[in-house]
There are 2 protein chains.
Amino acid sequence: MPTSRSTDGSRRTRRHRGSLSADDIIKGAFDVAQGMSLDKLSMPGLAQHLDVGVTSIYWYFRKKEELLNAMTDVAVEKFVRMMPPLTPDEPWQRALSEHFTAQRRIFRDDATLADLMLIRTSTYSRNATRRVFELEEGLLALLIGQGFTPENALHVYNAISVYTRGIVIHDRILRLSYTPTLGAGHGRQRRMTSWESMPILDSLIDHYPLAGTSDEDFTFGVGRLLCGFEQLLAEQDRGPAPAGG
Amino acid sequence: MPTSRSTDGSRRTRRHRGSLSADDIIKGAFDVAQGMSLDKLSMPGLAQHLDVGVTSIYWYFRKKEELLNAMTDVAVEKFVRMMPPLTPDEPWQRALSEHFTAQRRIFRDDATLADLMLIRTSTYSRNATRRVFELEEGLLALLIGQGFTPENALHVYNAISVYTRGIVIHDRILRLSYTPTLGAGHGRQRRMTSWESMPILDSLIDHYPLAGTSDEDFTFGVGRLLCGFEQLLAEQDRGPAPAGG
DNA sequence: ACCTGAACACCGTTCAAGT
DNA sequence: ACCTGAACACCGTTCAAGT
């Protein structure tokens, strides 16, 4: 009984020194994650994809978490490069709208990026943190330049940022939960059966998606936030809260 | 060399029929998840907690996922019961604010509930879906009763719902990533070192939390959304978009 | 310095029983 | 009908080597 052979019975030839690098591993990890999904990325699976022994990976990354952190760094770099640059003196409404619309599109189109940057529990490296904060700093400067106080600018940025993350993550989770599990057919249910006693939802269900993660939903949410920000700016100009007692 | 004994060498006595039930298992699973976290809930660990053989669980739940789905059902039930009932004729701003503030508090105080209902990729059971939609229906009725069109009511609900989920999930993920990993000390970094070239963030960092998930942030975000909704309602009353070409 | 298989502890799950 | 251990395939990780 042969025990630890490859499935096809072939045995790899030993790789020569320097034939593997940390970058190769990260690259391969992205390939595997793109093909399946991030949480199906396993060290043995990755090793097979790279055609190396599993333990070779551990020379470069002492924990799987280290590898994921390295991937997150690369993801942040990718993300920052894909984001459109700020147009100076652009109206803040347009700047915010474009920034977060782009952000949503990027994460929607690249699930691995979203998993690494938004869903996985990780702390960014100094460099990744810096790159992300530089983007934020740019938007804050733009907001402040057009009249927001620094505190309000920060709150504005956080609010729309959290909203965007919320819609991306919710959308991702919905997408995952409806992915046919290969076994097919035994999902818990396809459709609600009884809308009785819920006439409003019943009447809306045919024309609107329920989940609230559609383009229309996103546009609506961003629109309402921007509207609320405008009011804030107006109130800020009208009557700055009297300082001191 | 003894191989498959309990750690302490003791061997359980066989349990009698009917000494275990699906509810016992679900209850035990919540206990274990509360103690650690949901993704550290393992079948062997749960079996040990219940003092049964691992395989006994499989008589009641044929997959771990089935158990998690059952837990989600219970979670939804808990959640719905913890939510404050709607006060009829309450101003919609207050109703929305109270509803989603309560929701945020519940998920913040019970991480397992948040993990099951918000973060885990699952499809709700018919009953759970119904309970959640009943809550939504109530709020929609209130909004429509105070002037919103059904479509706008739905958009309003979705927007504030996504924002709340976003802040809960983001907060949960931040909390997880800062949990000392028991190994202690080798987190990636404690603090940003160089805020050079980011004067705005540098000046804000001392007085405001960066993450955007504080109570203040939540109040701000909800406030801006409500403000945006008010404008929408005003515009809706003022000039309903002319129908047809 | 780099690459490797054997080995270990752990997990989810199946199976063929025991009562 | 319910409970069980043995066993399997898989995973993350360590170790003691090989080159």
Side-chain angles (χ1 to χ4, degrees), chain A residues 1-25 28-29 32-33 36-71 120 181-183 186, chain B residues 1-25 28-29 32-33 36-71 120 181-183 186:
Chain A
M1 271 179 230
T3 47
S4 68
R5 290 263 184 123
S6 325
T7 315
D8 60 352
S10 72
R11 185 174 287 176
R12 267 183 306 94
T13 57
R14 188 185 182 92
R15 316 243 323 201
H16 58 281
R17 286 213 302 211
S19 67
L20 186 62
S21 73
D23 284 344
D24 291 341
I25 294 171
V32 173
M36 338 267 296
S37 82
L38 188 67
D39 50 68
K40 278 181 185 157
L41 172 68
S42 78
M43 300 302 263
L46 175 55
Q48 192 169 335
H49 174 79
L50 293 168
D51 193 36
V52 295
V54 204
T55 45
S56 302
I57 301 172
Y58 281 85
W59 197 87
Y60 294 90
F61 302 98
R62 283 148 59 187
K63 300 259 168 199
K64 186 184 185 182
E65 200 194 341
E66 266 186 36
L67 172 58
L68 289 172
N69 285 341
M71 289 177 74
R120 187 177 84 95
T181 329
L182 238 74
H186 56 289
Chain B
M1 269 178 236
T3 48
S4 68
R5 289 258 184 129
S6 322
T7 315
D8 61 351
S10 72
R11 185 174 285 177
R12 266 183 305 95
T13 57
R14 186 184 184 92
R15 317 244 322 203
H16 57 281
R17 288 213 301 210
S19 67
L20 187 61
S21 71
D23 283 344
D24 291 340
I25 295 171
V32 174
M36 337 267 295
S37 81
L38 187 68
D39 50 70
K40 277 180 185 157
L41 171 68
S42 76
M43 301 302 264
L46 175 55
Q48 193 170 335
H49 175 80
L50 293 168
D51 194 36
V52 295
V54 205
T55 46
S56 302
I57 302 173
Y58 282 86
W59 197 88
Y60 295 90
F61 302 98
R62 283 149 56 188
K63 300 259 168 198
K64 187 183 184 183
E65 200 194 341
E66 266 186 34
L67 172 58
L68 290 172
N69 286 340
M71 290 177 74
R120 187 178 85 96
T181 329
L182 238 73
H186 56 289

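Residue numbering restarts at 1 for every chain, and letters A, B, ... go by the order of the sequence lines.
- Rounding to whole angstrom units, CG of residue Asp51(A) and P of dC3(C) are separated by 13 Å.
- Ser42(B) contributes atom OG, which lies 8.5 Å from atom CD of Gln48(B) (distance to the nearest 0.5 angstrom).
- Both key distances under 3.5 Å define a Watson-Crick or G-U pair, and stretches of 3 or more such consecutive pairs in DNA chain D run C:4-8 with D:12-16, C:12-16 with D:4-8.
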Quiz item: Can you give one letter per nucleotide of nucleotides 7-19 of chain C, 5' to 3': B if a protein heavy atom sits under 4.0 Å from the base, S if only from the sugar-phosphate, - if neither?
Solution: ----SSBBB--B-
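- Considering every non-hydrogen atom in both Leu38(A) and Arg120(A), the closest pair reads CD2-CD, 4.4 Å.
- For the side chain to side chain contact (heavy atoms under 4.5 Å, CB included) with Phe61(B), the lone residue among Leu68(B), Ile25(B), Asn69(B) that qualifies is Ile25(B).
- Residue Tyr60(A) places none of its side-chain N or O atoms closer than 4.0 Å to OP1 or OP2 of dC2(C).
- Scanning both residues, Arg15(B) and Leu50(B), for their nearest heavy atoms gives NH1-O, 3.1 Å.
- Between Ser19(B) and dC2(D), a side-chain N or O to OP1/OP2 separation shorter than 4.0 Å is absent.
- The two residues Lys64(A) and Leu41(A) come nearest to each other via the heavy atoms NZ-O, 2.7 Å.
- In this structure, Leu20(B) and Tyr60(B) have side chains that are in contact, with non-hydrogen atoms separated by less than 4.5 Å.
- Contacts of Phe61(B) with the nucleic acid, taken as non-hydrogen atoms under 4.0 Å apart, are absent.
- The two residues Gly28(B) and Leu46(B) have their closest heavy-atom pair at C-CD1, 3.6 Å.
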